[in-house]
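Input: a single structure, listed below in structure tokens.
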Amino acid sequence: MSDDPIKVSDETCVGCQLCVKACPFNAISMDDKLAVIDLTQCTLCGACVPACKFDAITMRESTKAAADFSAYKDVWVFAEQDDGVIQSVTYELLGEGRQLADDLGMQLCAILLGSGMEAQAQDLIARGAEKVYLVDQPELTYFQDEPYAAVISELVLRHQPNVLLCGATTVGRSVVSRVAIATGAGLTADCTGLAIDPDTKDLLQTRPAFGGNIMATIQSPHTRPQMATVRHKVFKEAEPDSARTGEVLLQEIDKALLASRTKRLSFVPEEDNIVNIAEADYVIGGGRGMGSPEHFDILHELAEVLGGGVSASRAAVDANWIAYSHQVGQTGKTVCPKIYIACGISGQIQHLAGMSSSDVIIAINKDPDAPIFSVATVGIVGDVFEIVPRLTAELRKVLGK
Amino acid sequence: MHFVVCIKQVPEKTDVKINPETNTLIREGVESIVNPFDTYAIEEALRLKERVGGTVTAISMGPPQAEAVLREAISMGVDTGILISDRAFAGSDTWATSYTLSQAIKKLDDVDVILCGKQASDGDTAQVGPGIATHLDLPQITYVRKIEEIEAGRIVGERLLETGYEVIESSLPCLLTVVKEINEPRLPSLKGKMAARKAEIATWTAAQLDCDPAKLGLDGSPTKVVKIFTPPPRGGGEMLTGDADEVVPQLIEKLKAIVVGGAA
Ligand SMILES: Cc1cc2nc3c(=O)[nH]c(=O)nc-3n(C[C@H](O)[C@H](O)[C@H](O)COP(=O)(O)OP(=O)(O)OC[C@H]3O[C@@H](n4cnc5c(N)ncnc54)[C@H](O)[C@@H]3O)c2cc1C
Ligand SMILES: Nc1ncnc2c1ncn2[C@@H]1O[C@H](COP(=O)(O)O)[C@@H](O)[C@H]1O
């Protein structure tokens, strides 16, 4: 059995408690002037190591040997398509992927699974992909966990990308988790920041933890590809340019990889959910302050004028005023629109966890002390029933609708 | 049928405070609870057992005190709890965690359905469920909001998608991750609480799991946390007061500036 990954030397530790203060996870305590690290709480974040003025804390590196990664080339983006429509998060990944590929001096490639996808492949090239690895098979028409994971894993092993990015969507999270296990790669979920370390050329993956109260930067130094799922709306879409050229590389694959033990029997679209709030630029959130399901109508009207969607707090969802798929927060969806307008939402931490990274937050609440105002870009103390209809009417005028 | 539920102990609130002087988290007095999503997984396992008969086993990988979440599961009606605990697991990321849990599940007899929460509230990765399925080479249905049918060798569930839901059939054994919409978890009964107090909770260590040590803990974890920091505070925070006739035009001006000037 390997020894503990982090250790305090009882010879050099003087019991000064600097490490106790430095530990973000409260994993260090003092036992008779000796720092003791609770390994079950420790996340090996390393904050205590430089904090110790006496070099008493040492962290063991993973015993994985430094491998030669020179064969691993290119930045790959998994192109998510739904019914033949490339999802906007894919374009956002191509936008950010371009930057990463340039920083690495590598190519930007897309990987596309589906059937009859030639036009979509060209679209990905117009958005900046230099190569599109296309697997065109009837079995891949729509997303299925097993064949999608098997095919992507096979392509990863065949072509050895350096980086693989995927949207943090239902599909993305379901499939790439399997790919990471199958290919022995590190995977960071729900990233909001990506960068290349100028020295090591490793991908630095930043993501919120504890509902956004802290941020963690994560790296996968000993494995390739470096995999990450990325939140919607964090990065700018790559704009299409039909002058761009690239190659579509049609991939042959073993039919056995297309087998699936699950089968989709039907798909039922949700009627009142025409707008996917995770992708919307404008999201209007309603809370308990809306008072009744009928009152959500004024939010739908405002959303319609802006071309956005309606979300809700858990209190509103629990009261059955709106379907759960609209819930934003710790136990609901995470949204990151350009503008989030919170109406009659108090702003409990669990709700903030799902929307606090929106570019602009506008809060309308009767209570001047509502916590939502602490994250609001613009806060309005007032009654939603007076403000929202007026806002909708004014916006209609301004936008000429 | 044999249902296995994977449950994780997490801090009760994600509302950890930050000490502005030291820039560290203050987590004193924060209670530990069953990951909220996992309570739906427990409830669903119990309902499936009520439908078709069988047993429910809950497993949790974590420190010795994680035993508490297993007792809570037993108080709700789970038959057996098993704690997977060893210092060798320290530093596990989702790769190593799903490997360790899958090695534990391999030791259990004739497992039909493995249930996980959608994600854990501390890490929010949603990777461990599909990870376990892959290690065990099982099919999966993620984000399940309803089980329509279950019978020997077959299950039909509804998977929640961003724009609706799909009805998916799977052979058994199979792994499910469940969302909140699936049910309303029951409260522990008095009988359940007594059973929980008396229950023997087995602890399985690395040695008992027939694990490859290179795949455990720090060594088995491809990802590494290199930095932890506080997000920059949100700027602005301008307040508009007055009646609707005053504030709405002001807000419109601000929105124009934001939209024209590009979002801040
Ligand atoms: C484990 C766990 C997970 C959770 N997950 C989530 C989650 O994912 N998402 C989520 O949202 N919550 C979640 N919650 C619940 C969360 O703690 C809060 O209870 C919830 O967000 C409150 O919703 P609210 O702001 O709509 O209601 P309230 O807190 O009741 O706030 C209503 C607000 O409306 C204002 N108001 C009333 N009338 C008007 C009016 N006419 N005009 C203007 N303002 C008015 C009031 O001043 C008040 O501030 C979770 C809780 C737990 C324990
Ligand atoms: N340490 C653990 N012990 C048992 N189950 C776990 C553990 N970690 C994660 N899980 C299960 O995996 C799900 C997803 O967790 P995560 O991938 O961490 O978001 C949880 O809801 C649990 O069902």
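Order of the sequence lines sets the chain letters (A, B, ...), proteins ahead of strands, with each chain counted from 1.
Side-chain contact between B:T125 and A:D190 is absent, with no heavy-atom pair separated by less than 4.5 Å. Contact annotation: the side chain of B:L161 never approaches that of A:D82 to less than 4.5 Å [non-hydrogen atoms, C-beta and beyond]. In this structure the side chain of B:Y165 never reaches within 4.5 angstrom of the side chain of A:S325, judged on heavy atoms. Put simply, the side chain of B:T223 does not reach to within 4.5 Å of the side chain of A:L187, judged on heavy atoms. Side-chain atoms of B:S121 and A:Q330, non-hydrogen and from C-beta on, do get closer than 4.5 Å to each other.
Taking A:V268, A:D383, A:V381 one by one and counting their heavy-atom pairs under 4.5 Å with chain B, the maximum is reached by A:V268. Among A:L265, A:D38, A:I6, the residue making the largest number of heavy-atom pairs under 4.5 Å with chain B is A:L265. Your options are A:G382, A:C42, A:G184, A:A278, and the one with the most heavy-atom pairs under 4.5 Å with chain B is A:G184. Chain B forms the most heavy-atom pairs under 4.5 Å with one residue out of A:V317, A:V179, A:I387, and that residue is A:I387. The candidate from B:V10, B:I132, B:D137 with the greatest count of non-hydrogen atom pairs under 4.5 Å with chain A is B:D137. With chain A as the partner, the residue from B:V225, B:T241, B:V247 showing the most heavy-atom pairs under 4.5 Å is B:V225.
Only the side chain of A:I362 comes within less than 4.5 Å of a heavy atom in chain B; its backbone stays farther off. Heavy atoms closer than 4.5 Å to chain A are found in both the backbone and the side chain of B:K224. Contacts of A:E279 with chain B are absent, with no heavy-atom separation under 4.5 Å from either backbone or side chain. With a 4.5 Å cut-off on non-hydrogen atoms, B:L160 touches chain A through its backbone and its side chain both. Only the side chain of B:Q65 comes within contact range of chain A, with at least one heavy atom under 4.5 Å from a heavy atom of that chain. Heavy-atom distances place the backbone of A:A185, and not its side chain, under 4.5 Å from chain B. At a 4.5 Å heavy-atom cutoff, B:V128 makes no contact with chain A through either its backbone or its side chain. The part of A:Y282 that comes within reach of chain B is its side chain, from C-beta onward, which places non-hydrogen atoms under 4.5 angstrom from that chain. The part of B:S98 that comes within reach of chain A is its side chain, from C-beta onward, which places non-hydrogen atoms under 4.5 angstrom from that chain. If you measure heavy-atom distances from A:T334 to chain B, you find no contacts under 4.5 Å at all. Interface residue A:R314: only side-chain heavy atoms are found under 4.5 Å from chain B. In this structure, chain B has a heavy atom under 4.5 Å from the side chain of A:E146, while its backbone stays farther away. Looking at B:L251, only its side chain comes within 4.5 Å of chain A, counting heavy atoms on both sides.
Taking CG of A:D4 as the start and CZ of B:R87 as the end, the distance is 4.0 Å to the nearest 0.5 Å. Here the OG1-CD distance, from A:T229 to B:Q127, works out to 6.0 Å after rounding to the nearest 0.5 Å. Going from atom OG1 of A:T331 over to atom NZ of B:K118 covers 8.0 Å, rounded to the nearest 0.5 Å. To the nearest 0.5 Å, the span separating NZ on A:K263 from CD1 on B:I168 amounts to 12.0 Å. Here the NE2 atom belonging to B:H135 is positioned 3.5 Å from the CD1 atom belonging to A:I181, to the nearest 0.5 angstrom. Atom OG of A:S266 and atom CD of B:E158 lie 8.0 Å apart (nearest 0.5 Å).
Ion pair A:R173/B:D124 not flagged as a salt bridge, since none of the NZ, NE, NH1 or NH2 atoms sits closer than 4.0 Å to an Asp/Glu carboxylate oxygen. Ion pair B:D243/A:R390 not flagged as a salt bridge, since none of the NZ, NE, NH1 or NH2 atoms sits closer than 4.0 Å to an Asp/Glu carboxylate oxygen. Between B:R159 and A:D145 there is a salt bridge, since at least one side-chain N of the basic residue sits less than 4.0 Å from a carboxylate O of the acidic one.
Nearest approach of B:A126 to A:S177, heavy atoms of both residues: O-OG, 3.9 Å. The heavy-atom pair separating A:T217 from B:F229 by the smallest distance is OG1-CE2, 3.5 Å. Between B:K254 and A:V378, the shortest heavy-atom contact is CD-CG2, 3.7 Å. Residues A:T170 and B:E162 approach most closely at N-OE2, 3.0 Å, considering heavy atoms. Annotation for A:R178 and B:P130: closest pair CG-O, 4.0 Å, computed over non-hydrogen atoms. Shown here for A:D318 and B:K180, the closest heavy-atom pair between the two residues is OD1-NZ, 3.2 Å.
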field: Pair A:Y324-B:R145, side chain to side chain contact (heavy atoms under 4.5 Å, CB included): steps then yes or no
entry: CA-CA 10 Å; A:Y324 168 65; B:R145 50 161 248 172; over 6 Å; no
message: Go through it in stages, so that I can follow the logic: the residues are B:Q140 and A:S174, the test is side chain to side chain contact (heavy atoms under 4.5 Å, CB included), and I'd like the CA-CA distance, side-chain angles, deciding distance and then a yes or no.
response: CA-CA 9 Å; B:Q140 68 190 31; A:S174 301; 4.0 Å; yes
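The environment of B:D210 atom CG is sparse: at most 12 non-hydrogen atoms of other residues, nucleotides or ligands sit within 6.0 angstrom.
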